[in-house]
Amino acid sequence: MNPREVRSIADARSIVEERQISHVKVAVADLDGVLRGKYVAKDKFLSGLESGLGFCDVVLGWDVDDQPYDNVKFTGWHTGFPDKAIRVLPESCREIPFEPETLFFLCEFTEPADALCPRGVLRRTIERANKLGFNAYAALEYEFFVFEETPHSVREKGYRDLRPLTPGSFGYSTLRNSSGFEFYQELLSLCDKMDMPLEGLHTETGPGVLEGCITVDNALNAADKAVLFKTFAKVCAQRRGLMATFMAKWSHHQPGQSGHIHLSLKGKDGEPVFYDESKPRAMSDTMRHFIAGQQVLMPELMAMVGSTINSYSRLVPGLWAPTNATWAVDNRTSALRAIPGSPKSQRVEYRVAAADANPYLALAAALASGLWGVEHALKPDDPITGNAYAVESPENRRLPATLWDAAQRFKRSQVARTLFGDEFVDHYAASREWEERMFRKHVTDWELARYFEII
């Protein structure tokens, strides 16, 4: 059986037994979109297909440095970090090309942890779309810098004087992707074999920066593929003695790294609903309402999209990242880019998202806000023409400037609570407040250079 043909618990059991696999690899995404996983013995895995597998709930209660939050109710030292059940997702079964003796499965938390599980948040948002009569489709694209470094060398260097894969700025370079084709071809092949195929891979503007565009799929599959791509692109690089980073902005000398989300809706009949040739730019009323919802709610939901301290270093004028909740038609200076085309290709690009975002939560925010606009027949502002950075936006369209501000907006948002539930909003906002508090404990290089001698 081909792993990508697995659809049921019976199929999963059959392929593991058929291949006589001794250990299966499973993983679940934490709040930051980091895959947390382990190998599970065959018998335990087969038993867990029916009853669920145990996974320490700390993965929903700690940060990217494995430090437990001290400000959440769900888990912590006060609960003893018990196990919670995770559900194996049979349809996520994949081979890992360089680990032929195992199979890989994504998982998600079940109740009560399901309320906080990022994949669960997106799944419920998709269910909301289905109840409204829509099927959501998405494609995510990521910019990432690649370095001739290792996890040891970057730490030994203090993350300074890193050697990029290639020098200089050379976007869409045939020279670069030909002279260094081995890494490109290996990454493309890996993505094909793991069923997260790229429809495009090219150099971007900056030393050693690439952009990978994942092929469109239904929204849940698209997010699964994005999580896998971010993980296994780094794996692919490290296996070649390289390192890839998906930070939003790794250097103030370089542009930030985007994680744009392309979204469209189809009706239950399978027909696209964003296209109406009788309307200006063939943009249907549904598409305009969808854009309006995204525009109105973007400042309130920004914490789900700009989820790290570093996210807000990217959002500066003139560097290909939006600073206000604007929209325009085929204009890359706006936060929302309406892309006109055929009924099949017409879509919205949610450009505020960076490469560091949790794909499940960023996509949930982009989709839920659009659906909110459709439900309430919201009307968008007039589209921006020309340079969106030069347009003065009203206060209600300005994005939060820091993670702390974003967390406060999110925590106060009644719409966020309606869309995602009180438990998730409170827990997630607290996790972002924790991240800001951790940052405030440290002294930056900028502070040293500015104040050490002079002040």
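Keep in mind the model is a prediction, meaning the values are calculated, not measured.
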**Item:** Side chains of P68 and F81 in contact at under 4.5 Å (non-hydrogen atoms)
**Value:** yes
**Prompt:** R124 and A115: which non-hydrogen atoms are nearest, and at how many Å?
**Reply:** NH2-O, 3.4 Å
**Asked** Is any side-chain heavy atom of P3 less than 4.5 Å from a side-chain heavy atom of I15?
**Response** yes
**Prompt:** CE of M304 to CG of L297: how many Å apart, nearest 0.5 Å?
**Reply:** 11.0 Å
**Asked** Minimum heavy-atom separation for G212 to F144, with atom names?
**Response** N-CE2, 4.1 Å
**Interatomic spacing from CG in D426 to NZ in K411 - rounded to 0.5 Å** = 8.0 Å
**Chi angles and distances behind the salt bridge (charged side-chain N to carboxylate O under 4.0 Å, His left out) call for D356, K249** = CA-CA 9 Å; D356 62 349; K249 192 174 179 71; over 6 Å; no
**Request:** Show your reasoning for whether salt bridge (charged side-chain N to carboxylate O under 4.0 Å, His left out) applies to R281 and D330.
**Result:** CA-CA 11 Å; R281 298 279 190 165; D330 204 8; over 6 Å; no
**Prompt:** Closest approach of S334 and P322, non-hydrogen atoms and distance?
**Reply:** C-CB, 4.1 Å
**Asked** Could you walk me through whether V216 and H262 pass the side chain to side chain contact (heavy atoms under 4.5 Å, CB included) check?
**Response** CA-CA 8 Å; V216 66; H262 295 253; over 6 Å; no
**Asked** Is there a side-chain contact between D224 and R119, using heavy atoms and a 4.5 Å cut-off?
**Response** yes
**Message:** Any non-hydrogen side-chain atom of L116 less than 4.5 Å from a side-chain atom of F74?
**Reply:** yes
**Message:** Between N324 and Y389, does the side-chain hydrogen bond (donor to acceptor under 3.5 Å, both in side chains) criterion hold? Intermediate values first, please.
**Reply:** CA-CA 8 Å; N324 297 299; Y389 299 124; over 6 Å; no
**Evaluation steps, ring-ring contact (aromatic ring centres under 6.0 Å, His included), between F147 and W250** = CA-CA 12 Å; F147 297 90; W250 83 270; 4.9 Å; yes
**Asked** Should we say atom CZ of R128 is surrounded by more than 12 heavy atoms from elsewhere, each under 6.0 Å from it?
**Response** yes
**Fill in**
CD (E204) and CZ (R176) are apart, to the nearest 0.5 Å, by 14.5 Å
**Asked** Any idea which heavy atoms bring M283 and M287 closest together, and the distance?
**Response** CG-SD, 3.8 Å
**Item:** Close side-chain approach of M194 to E95, heavy-atom, < 4.5 Å
**Value:** no
**Request:** Working to the nearest 0.5 Å, report the span between OG of S258 and CZ of R332.
**Result:** 10.0 Å
For residues 434-444, which side-chain donor-acceptor pairs fall under 3.5 Å, sequence neighbours excluded?
from, atom 1, to, atom 2, distance (Å)
W434, NE1, D63, OD2, 2.9
E436, OE1, W404, N, 3.3
E436, OE2, R440, NE, 3.1
E436, OE2, R440, NH2, 2.9
R437, NH1, D70, OD1, 2.9
R437, NH2, D70, OD1, 3.2
R437, NH2, D70, OD2, 2.9
H442, ND1, M438, O, 2.9
T444, OG1, E447, N, 3.2
T444, OG1, E447, OE1, 3.0

**Message:** Donor-acceptor pair, distance only, cut-off 3.5 Å: does the side chain of D30 make one with the backbone of D32?
**Reply:** yes
**Message:** Does any part of the side chain of Q295, heavy atoms only, come nearer than 4.5 Å to the side chain of N396, both counted from C-beta?
**Reply:** no
**Request:** Assess whether atom NZ of K42 is packed by more than 12 heavy atoms of other residues, nucleotides or ligands within 6.0 Å.
**Result:** yes
**Prompt:** E433 and Q408: side-chain donor and acceptor closer than 3.5 Å?
**Reply:** yes
**Message:** Quick one, L263 and L363 - any side-chain contact, counting heavy atoms below 4.5 Å?
**Reply:** yes
**Prompt:** Are N331 and T333 linked by a side-chain donor-acceptor pair shorter than 3.5 Å?
**Reply:** yes
**Message:** Pair V305, L361 - check side chain to side chain contact (heavy atoms under 4.5 Å, CB included), show working.
**Reply:** CA-CA 7 Å; V305 181; L361 297 185; over 6 Å; no
**Request:** Please report the closest heavy-atom contact between L89 and F105, naming both atoms and the distance.
**Result:** O-CD2, 3.7 Å
**Prompt:** After noting the C-alpha distance and the side-chain angles of L103 and R94, does the key distance pass the side chain to side chain contact (heavy atoms under 4.5 Å, CB included) rule?
**Reply:** CA-CA 6 Å; L103 287 170; R94 284 168 167 84; over 6 Å; no
**Request:** Evaluate the salt bridge (charged side-chain N to carboxylate O under 4.0 Å, His left out) criterion for residues E149 and K157: first the C-alpha distance (whole Å), next the side-chain angles of each, then the deciding distance (0.1 Å), finally the verdict.
**Result:** CA-CA 10 Å; E149 303 287 351; K157 290 182 173 183; 2.7 Å; yes
**Message:** Under a 4.0 Å threshold between the charged nitrogen and the carboxylate oxygen, would D445 count as salt-bridged to R450?
**Reply:** no
**Item:** Identified side chain to side chain contact (heavy atoms under 4.5 Å, CB included) partner of T215 from the options M196, E199, K225
**Value:** E199
**Prompt:** Side chains of E108 and Y360: do they bring a donor and an acceptor to under 3.5 Å?
**Reply:** no
**Item:** P207 versus P164, closest heavy-atom pair with distance
**Value:** O-CB, 3.6 Å
**Prompt:** Can R398 and E392 be said to form a salt bridge (charged side-chain N to carboxylate O under 4.0 Å, His left out), step by step?
**Reply:** CA-CA 9 Å; R398 294 176 187 170; E392 184 70 21; 2.8 Å; yes
**Prompt:** To the nearest 0.5 Å, what is the distance between CG (L162) and OG (S251)?
**Reply:** 9.0 Å
**Prompt:** For the atom pair CE (M247) and OH (Y159), what is the distance rounded to the nearest 0.5 Å?
**Reply:** 9.5 Å
**D405 versus T402, side-chain donor and acceptor atoms under 3.5 Å** = yes
**Item:** More than 12 heavy atoms from other groups under 6.0 Å of CZ on F181
**Value:** no
**Message:** If you apply the rule side chain to side chain contact (heavy atoms under 4.5 Å, CB included), what do you find for K25 with I96, and how did you get there?
**Reply:** CA-CA 10 Å; K25 185 179 285 190; I96 301 175; 4.0 Å; yes
**Item:** Distance under 6.0 Å and angle within 45° of ring axis: K84 vs F55
**Value:** no
**Message:** Any donor-acceptor pair under 3.5 Å linking the side-chain atoms of S307 with those of N358?
**Reply:** no
**Message:** Using side-chain heavy atoms (C-beta onward) and a distance below 4.5 Å, is E91 in contact with V6?
**Reply:** no
